[in-house]
Amino acid sequence: MLGRLNHVAIVVPDLAAASRVYRETLGARVSEPVDLPEHGVTTVFVELDNTKIELLHPLGAASPIAKFLAEHASGGMHHVCYEVEDILAARDRLKAAGARVLGDGAPRIGAHGKPVLFLHPRDFCGTLVELEQA
Ligand code: CO
């Protein structure tokens with residue numbers, strides 16, 4: 001069911017500092033910050049040959065990652081995103097297996113304009129999992 005690793009998302013307290021770490025210390029290709037108000041985040045994309053790292057910072061008071069940053073002041077890994085061919089088939093298979101799909105179970109349009117779902121970390125080795133229809 002799982003395809004490629006689409007991205008790993010890391011919440012950071014300072015996007016400019018995190019961008020410098022990836023661009024200068026680690027020598028990666030790093031985008032300019034992109035505001036995604038409908039998702040409550042500002043994102044910097046780190047482009048690797050085989051996947052992406054998304055550096056996330058809260059945007060606005062209702063940001064879904066504000067609590068994460070409050071609890072992890074120096075930032076941390078937030079979720080991994082795997083590609084699936086058919087997100088509804090994946091959801092139904094996971095629900096049938098007893099896994100918890102967050103929200104109402106209906107895919108939302110994610111940060112890349114494609115349908116996404118999030119899966120409960122307790123069902124997946126303590127890691128928040130995002131599925132994106134490729
Ligand atoms: Co994501």
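Counting starts at 1 for both ligands and their atoms, in listed order. Values below: every heavy atom of this structure, side chains too, minus hydrogens, waters and symmetry copies.
Heavy atoms from other residues, nucleotides or ligands lying under 6.0 Å from CD of E47 number more than 12. Applying the 6.0 Å contact sphere to CD of E24 captures more than 12 heavy atoms from other residues, nucleotides or ligands.
Restricting H7 to its N, O or S atoms, the one at the least distance from the Co ion (ligand 1) is NE2. Among the heteroatoms counted here (N, O or S) of E130, OE1 is the one nearest to the Co ion (ligand 1).
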Practice problem: Go through the steps to decide whether E83 and H7 satisfy the test side chain to side chain donor-acceptor pair (under 3.5 Å), and finish with yes or no. | Solution: CA-CA 9 Å; E83 295 179 0; H7 62 272; over 6 Å; no
Self-check item: Test log, rule side chain to side chain contact (heavy atoms under 4.5 Å, CB included), inputs T42 and L15
Solution: CA-CA 8 Å; T42 303; L15 266 182; 3.4 Å; yes
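For residue C81, no N/O/S atom approaches the Co ion (ligand 1) to within less than 2.8 Å.
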